Number of protein chains: 2
Amino acid sequence: MYNNEYFMKLALEQAKFADIEDEIPVGAVIVKDNVVIASAYNQKDKEKLVTRHAELIAIEKASAKLKDWRLNDTIIYVTLEPCPMCASAIQQARISKIIYGCDSNITDNRKIIEQILQNNNYNHQVIIERGIMSDECSSIIKKFFNNKR
Amino acid sequence: MYNNEYFMKLALEQAKFADIEDEIPVGAVIVKDNVVIASAYNQKDKEKLVTRHAELIAIEKASAKLKDWRLNDTIIYVTLEPCPMCASAIQQARISKIIYGCDSNITDNRKIIEQILQNNNYNHQVIIERGIMSDECSSIIKKFFNNKR
């Protein structure tokens, strides 16, 4: 059995691909039964689409693989706290658990995504675990923005 | 100049396409300078993807047309109150205004999407107008679910 650090390192490898392509370095992998079924990195600028976040691409790849929009009994590892778009896609895809690395620096984002992921009014709730390899996940993003200045 | 009812009727025409394909009948159009630049309908079940909501498909078509993820100075017309995924995509795409038909029946959904669309902590805020052709927009959805029973 692989552990959380193992899969978060794979998500970080994805974030590095984004970095190389001059995209904000965020990566994600989706795991089912301890096996990676999808991996992706942020491609928003290259694809000129707000929907090309790592999580959404990973969800689309996993759904294509499982031939189902339902991704029950899967875990998504993301290097950064998700935005509400990705959090809601994760919730609607019925992913069991999100494990993310570093926190967003946007005030209120965490409060909003928790309302989306763990709201009893929606038909599925997602377990949240945060802070796995937080330093590594945030430092690649900080370096990216420092190089931009 | 066309008015809101004109564009909502076009969104409703899209919803009817979804209905014909046995999808929850929700439609959307995106308008810039009083011209429709994208239209789409829900294709979640056919495409087996949670990301195939009408709004996300419309955003992707509009971005492809404008060759930019930024959709400034556009209005999106949707027949149904959006889910948080679509609301956040609309906010991140910097769409100026959302005009939607009928309300969601999910408790809290409106509160959550208002926090996403009109939050000063995010870098763009979206004007919200609701209740345009609300009866027509909700009756097509009600009929769809009644036929399912």
Side-chain angles (χ1 to χ4, degrees), chain A residues 23-24 38 40 42-53 55-72 82-95 104-124 126, chain B residues 23-24 38 40 42-53 55-72 82-95 104-124 126:
Chain A
E23 299 272 355
I24 298 175
N42 176 36
Q43 299 183 48
K44 175 179 167 181
D45 277 310
K46 194 178 80 180
E47 299 290 337
K48 300 184 196 305
L49 272 180
V50 293
T51 58
R52 295 304 87 194
H53 280 184
E55 301 93 313
L56 251 58
I57 301 171
I59 287 171
E60 293 184 354
K61 286 181 174 179
S63 287
K65 182 163 277 181
L66 301 182
K67 296 182 176 57
D68 199 336
W69 58 259
R70 296 166 197 83
L71 302 177
N72 297 80
C83 76
M85 174 182 72
C86 294
S88 180
I90 289 164
Q91 183 273 325
Q92 292 183 67
R94 303 186 188 172
I95 290 175
S104 166
N105 61 6
I106 301 170
T107 311
D108 273 4
N109 189 72
R110 185 170 157 199
K111 191 186 75 182
I112 291 170
I113 64 157
E114 284 176 356
Q115 284 180 67
I116 293 167
L117 292 166
Q118 304 194 316
N119 196 317
N120 288 324
N121 296 304
Y122 294 126
N123 60 359
H124 173 77
V126 182
Chain B
E23 299 272 356
I24 299 175
N42 176 36
Q43 299 184 47
K44 175 180 167 180
D45 278 309
K46 194 179 79 180
E47 299 290 339
K48 301 185 197 302
L49 272 181
V50 292
T51 58
R52 296 301 87 195
H53 280 185
E55 301 93 312
L56 250 59
I57 302 171
I59 287 171
E60 293 184 354
K61 285 182 175 179
S63 287
K65 184 163 276 182
L66 301 181
K67 297 180 177 56
D68 199 335
W69 57 260
R70 297 167 197 83
L71 302 177
N72 297 79
C83 74
M85 173 182 74
C86 294
S88 181
I90 289 163
Q91 183 273 324
Q92 292 183 66
R94 303 186 188 171
I95 290 176
S104 166
N105 60 5
I106 301 169
T107 311
D108 273 4
N109 189 73
R110 185 170 158 199
K111 191 186 75 181
I112 291 171
I113 64 156
E114 284 176 355
Q115 285 180 65
I116 292 167
L117 293 166
Q118 303 193 318
N119 195 317
N120 288 325
N121 295 304
Y122 294 126
N123 61 359
H124 173 78
V126 182

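Predicted model, so just to flag it, every value in this text is computed and none were measured. Here is how names work: the chains are called A, B, and so on, in the same order as the sequence lines, proteins then strands, and each is numbered from 1.
Between Asn109(B) and Tyr122(A), the closest heavy-atom pair is OD1-OH, 2.8 Å. Considering all non-hydrogen atoms of both residues, Leu117(A) and Ala87(A) come closest at CD2-O, 3.4 Å. For the residue pair Val50(B) and Ala89(A), the shortest heavy atom distance occurs at CG2-O, 3.8 Å.
With a threshold of 4.5 angstrom between heavy atoms, Ile106(A) approaches chain B through side-chain atoms but not through N, CA, C or O. Heavy atoms of Lys111(A) lying under 4.5 Å from chain B belong exclusively to its side chain. Residue Arg94(B) does not touch chain A at all, counting heavy-atom pairs closer than 4.5 Å. The contact between Asn119(A) and chain B is made entirely by side chain atoms (from C-beta outward), counting heavy-atom distances below 4.5 Å.
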Legend entry - Check against side-chain hydrogen bond (donor to acceptor under 3.5 Å, both in side chains), Gln115(B) and Gln115(A): CA-CA 11 Å; Gln115(B) 285 180 65; Gln115(A) 284 180 67; 3.2 Å; yes
Legend entry - Audit row: Glu60(B), Arg52(B), salt bridge (Lys or Arg N to Asp or Glu O under 4.0 Å) steps and yes/no: CA-CA 10 Å; Glu60(B) 293 184 354; Arg52(B) 296 301 87 195; 3.2 Å; yes
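For chain A, the option among Asp45(B), Asn120(B), Ile112(B), Asn123(B) with the highest count of heavy-atom pairs below 4.5 Å is Ile112(B).
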